[in-house]
**Q** 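Before I ask anything, let me first share the structure, which is written out below as structure tokens.
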Amino acid sequence: MRAGLFLATASLALTASAHYVFPSIIYDGEPTGEWQYVRQWTGEYANGPVESVEGADIRCNKDGDNGNATETLSVTAGSTIEFTVRSSVGHPGPLLAYMAQAPGPAADFDGSGDVWFKIYEDGPNIAEDGLTWPTDGATTVNFTIPSSIPSGDYLIRVEHIALHGAGSEGGAQFYISCGQLTVSGGGSGSPSPLVAFPGAYSPTDPGILINIYWPVPTEYTAPGPGVWSG
Ligand SMILES: *[C@@H]1O[C@H](CO)[C@@H](O)[C@H](O)[C@H]1NC(C)=O
Ligand SMILES: *[C@@H]1O[C@H](CO)[C@@H](O)[C@H](O)[C@H]1NC(C)=O
Ligand SMILES: [Cu+2]
């Protein structure tokens with residue numbers, strides 16, 4: 001009886017501690033402050049996920065539409081940007097990144113409308129006991145800013161989708177942060193396709209409602225549009 005209670009408590013603690021958040025950017029090898037260039041969302045201290053793809057929080061997390069407490073980082077097109085993970089990616093699932101050009105300063109942009117294009121997604125390893133992803137346990141993640149995007153201000157949205165409980169609808173967990181960037185040295189590309197958040201995902205997308213363990217899937221398609229090739 002006592003042992004059973006202890007086990008139940010221990011596994012609850014393990015579940016909570018497996019949560020994570022993306023609080024800061026490392027650029028050009030230089031760490032920046034937590035929530036300096038990344039929009040601090042309400043409740044971030046708990047590292048918890050967004051659980052609905054249909055609510056406003058799927059865009060930039062809870063209250064992440066407001067950028068006036070956040071600085072905007074100068075970066076160059078074609079360079080690599082890294083996000084820190086607090087404390088590490090604790091669940092299996094894909095890593096995705098999107099950008100959206102702001103009509104004015106990034107701090108003033110709420111990210112609404114068909115403005116988001118995908119710049120990155122990773123794929124799984126298919127093993128005998130289920131799907132695994134390369135970010136398992138990662139303490140930082142990184143992507144390249146496409147070299148041909150037009151110069152200007154952007155939001156960058158980093159997203160890790162945890163699929164350990166995704167076999168039933170509503171079970172996937174979305175770990176999301178948005179950063180503010182001023183891109184220089186860009187080109188004349190036309191990023192596409194452009195999608196809206198919410199809107200880009202449905203709770204029954206095959207990359208969101210999926211049992212990654214059994215029967216072991218033979219393929220995996222991440223939700224959202226294809227990656228813009230730049
Ligand atoms: C931040 O932005 C919100 C909404 O745009 C505005 O209502 C608020 O006054 C701003 N706060 C500051 C400190 O500028
Ligand atoms: C960038 O991410 C890849 C995985 O996508 C990883 O292999 C590589 O080590 C990362 N680079 C840095 C500098 O963290
Ligand atoms: Cu978790």
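Predicted, not measured: the structure shown is a model, and the values here were computed from it. Both counts, for ligands and for their atoms, begin at 1 and track the order of listing.
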**Q** Can you tell me the protein heavy atom closest to atom 6 (C) of ligand 2 and the distance?
**A** Asn142 ND2, 4.3 Å
**Q** Can you confirm whether something in the protein, heavy atoms only, sits under 4.0 Å from atom 9 (O) of ligand 2?
**A** no
**Q** Provide the number and element of each atom of ligand 2 under 4.0 Å from a heavy atom of Tyr120.
**A**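 It comes down to these atoms of ligand 2: 5 (O).
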**Q** Any protein heavy atom lying closer than 4.0 Å to atom 1 (C) of ligand 2?
**A** yes
**Q** Verify whether one side chain among Thr204 and Ser202 offers a donor that lies under 3.5 Å from an acceptor in the other.
**A** yes
**Q** From Asn66 CG over to Asp108 CG, what is the distance, rounded to the nearest 0.5 angstrom?
**A**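 These two atoms lie 9.0 Å from each other.
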**Q** For ligand 2, is any non-hydrogen atom under 4.0 Å from Val141's backbone (N, CA, C, O), its side chain (CB onward), both, or neither?
**A**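 Within the 4.0 Å criterion, Val141 makes no contact with ligand 2.
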**Q** In Å and rounded to the nearest 0.5 Å, what is the CG to CD distance from Asp57 to Glu54?
**A**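 Asp57 atom CG to Glu54 atom CD measures 13.0 Å (nearest 0.5 Å).
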**Q** Mind checking whether Phe143 contacts ligand 2 via backbone (N, CA, C, O), side chain (CB onward), both or neither, at a 4.0 Å heavy-atom cut-off?
**A** neither
**Q** Can you name the N, O or S atom of His19 that is closest to the Cu ion (ligand 3)?
**A**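 It is ND1 of His19.
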**Q** Only N/O/S atoms count here: what is the atom of His91 closest to the Cu ion (ligand 3) called?
**A**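 Going by distance to the Cu ion (ligand 3), the closest N, O or S atom in His91 is NE2.
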**Q** Which atoms of ligand 2 sit under 4.0 Å from any heavy atom of Thr140?
**A**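 It comes down to these atoms of ligand 2: 14 (O).
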**Q** Would you check whether Asp122 reaches within less than 4.0 Å of ligand 2, judged by its heavy atoms?
**A** no
**Q** In Å, rounded to the nearest 0.5 Å, how long is the span from CH2 of Trp116 to CE of Met99?
**A**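 Trp116 atom CH2 to Met99 atom CE measures 9.5 Å (nearest 0.5 Å).
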**Q** Can you confirm if the aromatic rings of Tyr27 and Tyr37 lie within a centre distance of less than 6.0 Å?
**A** no
**Q** Hey, could you give me the CG/CZ distance between Asn61 and Arg157, rounded to the nearest 0.5 Å?
**A** 9.5 Å
**Q** Which of these, Ile25, Val21, Ile156, sits in a side chain to side chain contact (heavy atoms under 4.5 Å, CB included) with Val38?
**A** Ile25
**Q** Touching ligand 2 at all, Trp133? Heavy atoms, strictly under 4.0 Å?
**A**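 For ligand 2, residue contact (heavy atoms, under 4.0 Å) with Trp133 is absent.
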**Q** Under 4.0 Å from a heavy atom of Glu82: which atoms of ligand 2 are those, numbered in the order shown and with their elements?
**A**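 Here the atoms of ligand 2 in question are 14 (O).
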**Q** Between OH of Tyr220 and CG of Leu131, what distance do you get to the nearest 0.5 Å?
**A** 8.5 Å
